[in-house]
There are 2 protein chains.
Amino acid sequence: MTKNRYRRDELLEIAIDLFAEKGYVGTSIRDIAKAIDRSVSNVYHYFENKEELWLAILEYSVQGLPEKLRMVAHGEGEPLERFKKLLKVHLEESTKHQRETKIFFIDEERLSPKGKIINKQIQKEILDIYVEQFRLLQSHNLVRARNLKILAFNVLATINWFLRWYDPEGNMSKEEIYDEIIDFVLHGMCTK
Amino acid sequence: MTKNRYRRDELLEIAIDLFAEKGYVGTSIRDIAKAIDRSVSNVYHYFENKEELWLAILEYSVQGLPEKLRMVAHGEGEPLERFKKLLKVHLEESTKHQRETKIFFIDEERLSPKGKIINKQIQKEILDIYVEQFRLLQSHNLVRARNLKILAFNVLATINWFLRWYDPEGNMSKEEIYDEIIDFVLHGMCTK
DNA sequence: GAATAACTAGATCGATTGTTCTAGTAGAGT
DNA sequence: ACTCTACTAGAACAATCGATCTAGTTATTC
């Protein structure tokens with residue numbers, strides 16, 4: 001008999017909620033069990049320990065992001081249009097997993113060495129995808145920045161910061177925000 | 001006899017280090033005391049409790065930022081030049097208090113209601129300074145964005161994110177990064 | 001129907017948490 | 001000499017932490 005995937009994922013869902021709200025250290029196993037009205041044993045039945053639970057969340061959500069972005073980055077089309085598409089997909093995927101991505105960034109320093117390494121690696125992968133894109137765009141004379149790494153940090157800044165202030169219950173539409181962010185990344189705030 | 005300001009501030013310094021490294025929840029009073037080789041009582045002598053210690057750090061560092069920014073924002077000069085100066089000062093001040101500002105953003109959700117309110121208020125103040133600047137620049141036809149609030153979030157994104165990746169020990173100079181960020185904010189990544 | 005694996009509740013573990021209490025020392029002002 | 005305040009160390013507190021252990025209940029397979 002294999003483990004009950006459904007009950008495991010239910011647990012994962014509630015854990016994401018609590019981690020996103022109160023952080024990794026701020027959320028206890030008991031909190032998680034209580035929130036879904038099960039016993040502590042139930043949590044430990046599906047996950048070896050707290051850290052494994054955390055890593056399962058990563059796998060469940062953020063892990064696949066680099067691959068998805070690479071697909072777009074290496075896809076067909078004109079370089080600049082493809083880059084715009086990359087931004088859009090990145091924004092959409094991040095929004096889809098807003099809570100998890102939030103966790104991902106908020107508590108990165110609070111993990112065990114193993115967790116830290118995985119975390120850093122995913123971030124590095126994403127950064128590299130962008131730097132590579134910039135190099136390509138640069139060869140077409142489409143990039144103004146001198147330091148491509150700083151540029152990548154700046155672009156990631158707008159995307160990742162968006163996850164902090166965006167409120168799904170708010171009155172701004174996602175499409176409106178996406179367009180505004182993409183326009184900002186491409187041309188900044190100034191006219192001309 | 002008044003409280004020994006020097007020993008208090010020493011305590012504050014070490015607390016900033018630990019909070020920045022391991023977070024608010026991840027740092028215990030004992031950790032702080034041990035790091036500076038004093039007793040727990042010593043910490044409680046200078047600060048009522050853990051939260052007051054946190055708030056003291058805020059006061060010690062981040063609290064004055066809005067006022068400094070307002071000074072520049074309401075200063076003399078051409079609107080766009082003044083705005084550039086605003087960005088520069090903001091970047092400089094944030095770098096000066098990098099550890100504290102990091103704490104400020106990382107653990108904002110982990111505070112008591114009182115702490116949360118103070119935290120949110122400072123962030124709101126800063127946001128408003130930028131939105132006001134954009135309104136002024138807009139009246140001179142210098143801003144391309146439609147939604148000024150989103151624009152403000154994007155600008156703050158680049159500044160605050162910078163604090164996450166910037167390594168004072170690294171080989172990039174601060175001035176180089178500042179210029180690159182300011183250029184990005186004003187004109188984005190594209191040529192033309 | 002026996003055997004095996006999946007799952008569960010609840011007590012319990014030692015360690016650590018924020019905080020308080022007790023009992024003091026040091027030094028300045030009177 | 002006495003008093004008051006500033007300061008200190010270290011034991012002690014109840015609560016909570018991640019984790020484990022015991023003892024059980026289901027459900028499936030042969």
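Every chain is numbered from 1, with letters handed out A, B, ... down the list of sequences.
As rounded to whole Å, 16 Å separates atom P of C:dT20 from atom CZ of B:Phe47. Nucleotide D:dG18 holds its C1' atom 16 Å from the CG atom of A:Asn42, rounded to whole Å. For B:Glu52 and C:dG18, the CD to C1' distance is 14 Å, given to the nearest whole Å. Atoms CD1 (A:Ile29) and C1' (C:dG10) sit 16 Å apart, rounded to a whole Å. Whole-Å rounding puts the A:Glu51 CD to D:dG18 P distance at 13 Å. Rounded to a whole Å, the NE2 atom of B:His45 is 12 Å from the P atom of D:dA9. At whole-Å resolution of the value, CG in B:Leu53 and P in C:dG18 are 11 Å apart. Summarising the geometry, the separation between CZ on B:Arg5 and P on D:dC7 is reported as 12 Å, rounded to the nearest angstrom.
Of the candidate nucleotides D:dC17, C:dT17, D:dA19, C:dT17 has the atom lying nearest to any side-chain atom of B:Ser28. Of the candidate nucleotides C:dT20, C:dC7, D:dC7, C:dT20 has the atom lying nearest to any side-chain atom of B:Tyr44.
Comparing A:Val25 and A:Ser41 against DNA chain D, the residue whose closest nucleotide sits nearer the 5' end is A:Val25. Of the two residues contacting DNA chain C, namely A:Arg30 and A:Ser39, the nearest-nucleotide position lying further toward the 5' end is that of A:Ser39. Where B:Val40 and A:Arg38 each meet DNA chain C at their nearest nucleotide, the meeting point lying more 5' is that of A:Arg38.
With respect to B:Glu10 and B:Arg38, a salt bridge is recorded, a charged nitrogen being found less than 4.0 Å from a carboxylate O. Ion pairing of B:Asp31 with B:Lys22 is present here, as a side-chain N (NZ or NE/NH1/NH2) and a carboxylate O approach within less than 4.0 Å. One finds no salt bridge joining A:Arg99 and A:Glu21 here, because no Lys/Arg side-chain nitrogen approaches an Asp/Glu carboxylate oxygen to under 4.0 Å. Taking a cutoff of 4.0 Å between a charged side-chain nitrogen and a carboxylate oxygen, A:Arg82 and A:Glu76 do not qualify as a salt bridge.
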